[in-house]
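Predicted model only: the values in this text are computed from it and were never measured. Order of appearance sets the numbers: ligands from 1, and atoms from 1 within every ligand.
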Amino acid sequence: MRNLTPASITQAFADYSRNAPSERTRVLLVDLARHLHTFVRDNKVTQAEWNAAIDALTRATQFTDDKRNEYILFSDLLGVSSLVDMINSATTGTPSSVLGPFHIEGAPELANGGDLWRGQVGEPLVVSGRIADATGAPAAGTVLALWQNSGNGLYAQQDTTQSPTNYHARLTVAPDGSFAFSTVRPVSYTVPDDGPAGDMLRALGREAWRPAHLHMIIHAPGRKPLITEFFPEDDKYLDSDAVFGVRAGLVVPFHRLADRAALPTNLAARDTLPMPVWTASLDLTLPAA
Ligand code: BEZ
Ligand code: FE
């Protein structure tokens, strides 16, 4: 098409793409262009604003390596990662949430009842619970992949003073679906905000804080892994999570427990944890098959 105008360019894009080998890819890209064109027209985007956007994307490459991906961080902070998760996840059972950048494959095995805290900085927390399917039957054979930050706010990958797998573990639940472990109470922390994604937060007057959370992937035999995270209900950032990961069903009370006799009997650190400890009870339900 010649003599393109602001009004006709969107249809021209669709026409030029009519021979796309994949129909799904054509639909996605044509609709993306339609939204972008509408955005540019409606907001009368200036050349300087276009330059600023390209500059942010260009600078994102400098903040992206095998340990950090500034493009995924943009997606997280824009709510896109969370939205993709929500529209693709089951509507029954424990809600899913975002994966985040700190999951590692091949984390060490932790025996059911095991201790991740080992006297490190921060306040000890005892997590116990049960995993059941939609009928209430125990989800035997389920493996929980666990990861969280240390009491100093940093994940092992961000902190050379921690071993590379500190607070990363894989735990196989008991035949009745129950599990327990001791760890540190996770703390709220800021997502990496020294790059262009952080500049976007500042331009929006937003905060980089995430509420404290425990990440989990529930690997139940024969099912799609359920990626989720749990938040203490007293965290002050629950209503402003920088990456939009909080769901009502994932916010749980953390209680103080002074009575050692009330700790789970299979806890390896049952006799040595300094009381009182924090406790959290997590009962997870798998989605209906
Ligand atoms: C996290 O949960 O660790 C996380 C999620 C998204 C961006 C940065 C960190
Ligand atoms: Fe996290």
Give a yes-or-no answer on whether the side chains of Ser8 and Thr5 include a donor-acceptor pair shorter than 3.5 Å. yes
Once rounded to 10°, what is the value of the angle centred on the Fe ion (ligand 2) between His213 NE2 and His215 NE2? 90°
Measuring from non-hydrogen atoms of Val98 to any atom of ligand 1, is the shortest distance under 4.0 Å? no
If you have a sec, work out which protein heavy atom is nearest atom 2 (O) of ligand 1 and how many Å separate them, to one decimal? Arg210 NH1, 2.6 Å
N/O separation below 3.5 Å, Asp76 to ligand 1: no
Could you tell me whether the side chains of His215 and His213 share a donor-acceptor contact shorter than 3.5 Å? yes
Ligand 1 atoms nearer than 4.0 angstrom to some heavy atom of Phe102 are 3 (O)
For atom 1 (C) of ligand 1, closest protein heavy-atom neighbour: Tyr189 OH, 2.7 Å
Any N/O/S atom, backbone or side chain, of Tyr189 lying under 2.8 Å from the Fe ion (ligand 2)? yes
In terms of atom number and element, which parts of ligand 1 are under 4.0 angstrom from non-hydrogen atoms of Tyr155? 3 (O)
Strictly under 2.8 Å, is any N, O or S atom of Tyr155 next to the Fe ion (ligand 2)? yes
N/O separation below 3.5 Å, His213 to ligand 1: yes
Short side-chain to backbone donor-acceptor contact, Asn166 and Ala156, under 3.5 Å: no
Sub-4.5 Å side-chain heavy-atom contact between Phe179 and Leu282: yes
Can you list the ligand 1 atoms lying under 4.0 Å from a non-hydrogen atom of Val243? 6 (C), 7 (C)
Single-linkage hydrophobic cluster Leu284~Val98, side-chain heavy atoms < 4.5 angstrom: no
Assess, by modelled atom type and distance only, whether the side chains of Gln148 and Thr183 contain a donor and an acceptor separated by less than 3.5 Å. yes
Compare Ser81, Ala208, Pro101, Gly100 and give the one whose heavy atom is closest to atom 9 (C) of ligand 1. Pro101
Between Ser75 and Ser81: side-chain donor-acceptor atoms closer than 3.5 Å: yes
Under 3.5 Å, is there a donor-acceptor pair between the His255 and Thr279 side chains? no
Ring centre gap for Tyr155 and Tyr189 strictly below 6.0 Å: yes
Region of Trp147 that comes within reach of ligand 1 [heavy atoms, distance under 4.0 Å]: neither
